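Both counts, for ligands and for their atoms, begin at 1 and track the order of listing. Not measured: the values here are computed from a predicted model.
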Amino acid sequence: MRIVVVGAGLGGVAAAAGLHRAGHEVTLFERGAELREAGTGIVVMPNGLRALDELGLSADVRRHGIRAGRGGLRDRHGRPLLVTDVARGRQRVGTIAIVDRAGLHRSIRAPLPAGLVRTGTPVERLEPDDTGVTVIGDGGPLARADAVVAADGIGSKLRGQLFPGHAGLRRTGRMDLRGMLPRPPGLETELLAGQLVDRRTGAMFGLFPVGADLLYWFTDSALDGPPPGADEARREMLSLMADWHPLVTTLIEATPPARIFVDPITRLAGPLPSYVAGRVALLGDAAHAMPPDLGQGASQAFQDAAALTRLLAGAEPGDVARRLLRYDAERKPSANRVMRAASRQSWLTSRTGATAWLRDALLRAVPSRLATRQLAALWHA
Ligand SMILES: Cc1cc2nc3c(=O)[nH]c(=O)nc-3n(C[C@H](O)[C@H](O)[C@H](O)COP(=O)(O)OP(=O)(O)OC[C@H]3O[C@@H](n4cnc5c(N)ncnc54)[C@H](O)[C@@H]3O)c2cc1C
């Protein structure tokens, strides 16, 4: 079958690689001038790793699996609030991997033959008819397809065309600053794989190892008005977190400015009525953009890619719409559940005042075993 994938982010390249491997004639259109993923680190959760296994794309990522340690939430001084046991969680549901985003993208796109990818080619709209879909670019028709995968990300133009009644994106009033740096010698490791929250300001700091040599950190804080540039956001965080655990400001200060990124956090205003419209399937952030609080966005996109690859295996062009309805039935309930959980987590960790005090008191009372079990349940999603 002829399948067009629109968008070469992590979700789009995973889908293109899976569908290509399954024997389809795939074309991948990317508006950017080159195939690449910018940014810092990314957490791939056990469910995302299992999806990459299914797609035959996990070998590189699994080398970066975290084997042991303690995660969870801490107060701003690094004192535990809710402790999870990584080794126990791993026994229950599998490994978490923390990887360099650019390296992850490289390893997933590696199996794609160069001739299959068309960079510098934005897709403007889709024109479906009874026998297929015409894919239209800014200079006219680009391709004819039996099925289209819209993996054009959080700001998806195609989502807006397929579901014009949907409310689109909503800003969460939060901003994310993140960076990556070489691991300083003699680092205190007790904060690794965990997040610090501050009930005075609702800000958060997270820290993860990327292999043996790198560290990935992020902050999440309130955003009033337009997002600042990376330099200004970095200064704001250094001031906001000046009296936190000393490692926080040390690491932010030690990060090369070129490895610091800032983003306002947006999410879908509400769930889509469907992930499918006829012969077109939405995938990844185009279908279920969520706050990053559970580290699930890319893992959900990998699950979409694995499901599409499996459900379109051996399909005939006349069969596509029916097969895609099965994709919708499999992926929408579970990805929407994770999207709701991510919004709840974002709400919980950004509380201030009495609500945050109560949160911290309750979190301290949760036994580590139970916290690990709850987290593990989510990774089954
Ligand atoms: C701060 C932050 C931290 C995060 N941390 C994590 C994490 O730790 N773990 C995790 O799993 N997820 C995380 N996420 C979420 C994750 O990054 C996304 O869910 C994931 O990258 C989505 O991939 P995607 O392929 O759906 O979209 P994208 O990566 O946005 O890719 C979309 C692609 O489509 C292209 N495109 C757009 N429009 C067109 C068009 N019209 N024609 C052609 N091409 C087009 C774009 O150029 C882009 O290359 C985080 C997100 C943020 C903001």
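- With 3.5 Å as the limit, one finds a donor-acceptor pair spanning the side chains of His105 and Arg109.
- Contact annotation: Gln300 has no heavy atom less than 4.0 Å from any atom of ligand 1.
- Side chain of His24 to backbone of Leu312: a donor-acceptor contact under 3.5 angstrom is found.
- The ligand atoms of ligand 1 that sit less than 4.0 angstrom from a heavy atom of Gln296 are 10 (C), 11 (O).
- Using a 4.0 Å cut-off between heavy atoms, Met45 makes no contact with ligand 1 at all.
- The distance from ligand 1 to the heavy atoms of Phe29 drops below 4.0 Å at these ligand atoms: 43 (C), 44 (N).
- The cluster map of Ile, Leu, Val, Met, Phe, Trp and Tyr, joined by side-chain heavy atoms under 4.5 Å apart, puts Ile260 and Trp244 in the same cluster.
- Looking only at protein heavy atoms, the nearest one to atom 30 (O) of ligand 1 is Gly153 CA, 3.6 Å.
- Applying side-chain contact (heavy atoms from CB on, under 4.5 Å) to Val149 and the options Val26, Leu324, Val5 leaves one that passes, Val5.
- When each atom of ligand 1 is checked for a heavy atom of Ser299 under 4.0 Å away, the hits are 11 (O).
- Closest protein heavy atom to atom 8 (O) of ligand 1: Val43 N, 2.9 Å.
- Under 4.0 Å from ligand 1, the heavy atoms of Val6 that appear belong solely to its side chain.
- Taking a cut-off of under 4.0 Å to the non-hydrogen atoms of Asp152, the atoms of ligand 1 that pass are 32 (C), 34 (O), 37 (C), 38 (N), 39 (C).
- With hydrogens and angles left out, the side-chain atoms of Gln300 and Arg331 include a donor and acceptor closer than 3.5 Å.
- Although no hydrogens or angles enter the test, the distance criterion places a donor-acceptor pair under 3.5 Å between the side chain of Arg359 and the main chain of Leu348.
- Proximity of a side-chain donor or acceptor of Asn336 to a complementary backbone N or O of Pro271 within less than 3.5 Å is not detected.
- Of all the listed residues (Ile98, Asp285, Thr266), Asp285 holds the heavy atom that lies closest to atom 19 (O) of ligand 1.
- For ligand 1, the atoms lying closer than 4.0 Å to a non-hydrogen atom of Gly9 are 25 (O), 29 (O), 31 (O), 33 (C), 49 (O).
- Between Tyr275 and Tyr327, the ring planes are tilted. Angles from 30° to 60° get that label.
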Let me see the working for Asp263 and Arg178 under salt bridge (charged side-chain N to carboxylate O under 4.0 Å, His left out), right down to the final yes or no.
CA-CA 9 Å; Asp263 279 302; Arg178 58 199 183 283; 2.9 Å; yes
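- Taking every non-hydrogen atom of Gly12 and a distance limit under 4.0 Å, the qualifying atoms of ligand 1 come out as 25 (O).
- Ligand 1 lies nowhere less than 4.0 angstrom from a heavy atom belonging to Lys157.
- Listed by number with element, the atoms of ligand 1 under 4.0 angstrom from any heavy atom of Asp176 are 1 (C).
- Proximity of Pro122 to ligand 1 is established by a heavy-atom distance of less than 4.0 Å.
- Neither the backbone nor the side chain of His105 has any atom closer than 4.0 Å to an atom of ligand 1 (non-hydrogen atoms only).
- For atom 2 (C) of ligand 1, the closest heavy atom belonging to the protein is Pro292 CB, 3.8 Å.
- Listed by number with element, the atoms of ligand 1 under 4.0 Å from a non-hydrogen atom of Ile42 are 6 (C), 7 (C), 8 (O), 9 (N), 10 (C), 12 (N).
- His288 and Asp304 are linked by a side-chain donor-acceptor pair at a separation below 3.5 angstrom, with hydrogens and angles left out of the test.
- Screening Arg79, Arg200, Arg199, Arg351 for a salt bridge (charged side-chain N to carboxylate O under 4.0 Å, His left out) with Asp360, the sole residue that qualifies is Arg199.
- Summarising the contacts of atom 32 (C) of ligand 1 with Ala298, Gly7, Ala151, Ala8, the nearest heavy atom is found in Ala151.
- Taking atom 36 (N) of ligand 1 as the reference point, the nearest protein heavy-atom neighbour is Arg31 NE, 3.7 Å.
- The heavy-atom pair separating Leu282 from Ser156 by the smallest distance is CD2-OG, 4.4 Å.
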